[in-house]
**Student:** 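Pasting in a structure now, in structure tokens, and then I'll have a few things to ask.
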Amino acid sequence: MPLSKSKCFGGSKELQFTDQSILMKSESVAAITKADMELLAKNRGNAMQRYKEKKKTRRYEKHIRYESRKARADTRKRVKGRFVKANEAPAG
């Protein structure tokens, strides 16, 4: 804390705290922080709302993203469900 010294008529020294300037600065910082916190809370609320809306439209069943990959996979040789090269496939 900043201190200021002032002399009295009797020659004794008196210490005086200058808390008012500190309070003024901290109040303005607190006001900015409070406004920022309200904005952050509002943004978080909006984000949560979007998350909940997107969660409702999720599909958990299998879906094909690329038809060309599906077509290629359907024509490749498989052994026990796994892809194998044409020359490695067992006859039969």
Side-chain angles (χ1 to χ4, degrees):
M1 273 188 217
L3 301 174
S4 63
K5 297 179 183 178
S6 63
K7 290 188 176 183
C8 292
F9 290 108
S12 65
K13 294 182 180 178
E14 197 176 273
L15 295 176
Q16 185 179 3
F17 292 99
T18 56
D19 285 338
Q20 287 182 335
S21 63
I22 294 171
L23 288 175
M24 296 294 280
K25 289 179 184 175
S26 66
E27 285 175 3
S28 64
V29 171
I32 293 170
T33 304
K34 186 175 180 182
D36 288 342
M37 292 300 286
E38 289 174 359
L39 181 64
L40 289 173
K42 185 178 178 183
N43 288 344
R44 184 176 188 279
N46 291 342
M48 287 298 293
Q49 189 67 30
R50 285 193 311 270
Y51 168 77
K52 288 178 182 178
E53 289 298 319
K54 288 172 78 174
K55 187 176 179 182
K56 290 178 186 176
T57 61
R58 288 183 185 164
R59 298 185 324 184
Y60 292 102
E61 64 274 354
K62 289 177 80 173
H63 60 281
I64 300 166
R65 293 188 186 183
Y66 301 100
E67 291 292 330
S68 60
R69 290 182 183 175
K70 171 71 172 151
R72 175 75 178 122
D74 288 342
T75 59
R76 290 180 69 184
K77 300 279 185 187
R78 297 176 188 250
V79 173
K80 296 184 181 177
R82 296 183 181 205
F83 296 123
V84 294
K85 294 181 181 177
N87 58 358
E88 294 177 6

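Residue indices begin at 1 and follow the sequence shown.
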**Student:** Output yes when E53 and R50 qualify as a salt bridge under the 4.0 Å nitrogen-oxygen rule, no when they do not.
**Tutor:**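 The answer is no: the pair does not qualify as a salt bridge.
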**Student:** Can you check side-chain contact (heavy atoms from CB on, under 4.5 Å) on K54 and R58, steps first, answer last?
**Tutor:** CA-CA 7 Å; K54 288 172 78 174; R58 288 183 185 164; 5.8 Å; no
**Student:** Working to the nearest 0.5 angstrom, can you tell me the gap between E67 CD and D74 CG?
**Tutor:**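 Output value for this atom pair is 9.5 Å.
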**Student:** With a cutoff of under 4.5 Å between side-chain heavy atoms, which Ile, Leu, Val, Met, Phe, Trp and Tyr residues group with M37?
**Tutor:**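 Grouped by the 4.5 Å side-chain rule, L40 form the rest of the cluster around M37.
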**Student:** Apply the side chain to side chain contact (heavy atoms under 4.5 Å, CB included) test between R72 and each candidate in K70, R76, R69; give the one that qualifies.
**Tutor:**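 Exactly one option meets the side chain to side chain contact (heavy atoms under 4.5 Å, CB included) with R72, and it is R76.
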**Student:** If you measure from CZ on R44 to CE on M48, what distance do you get to the nearest 0.5 Å?
**Tutor:**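 With rounding to 0.5 Å, CZ (R44) is 5.5 Å from CE (M48).
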**Student:** Which atoms form the tightest heavy-atom contact between R59 and H63, and what is the distance?
**Tutor:**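 Minimum heavy-atom contact is NH2-CG, 3.0 Å.
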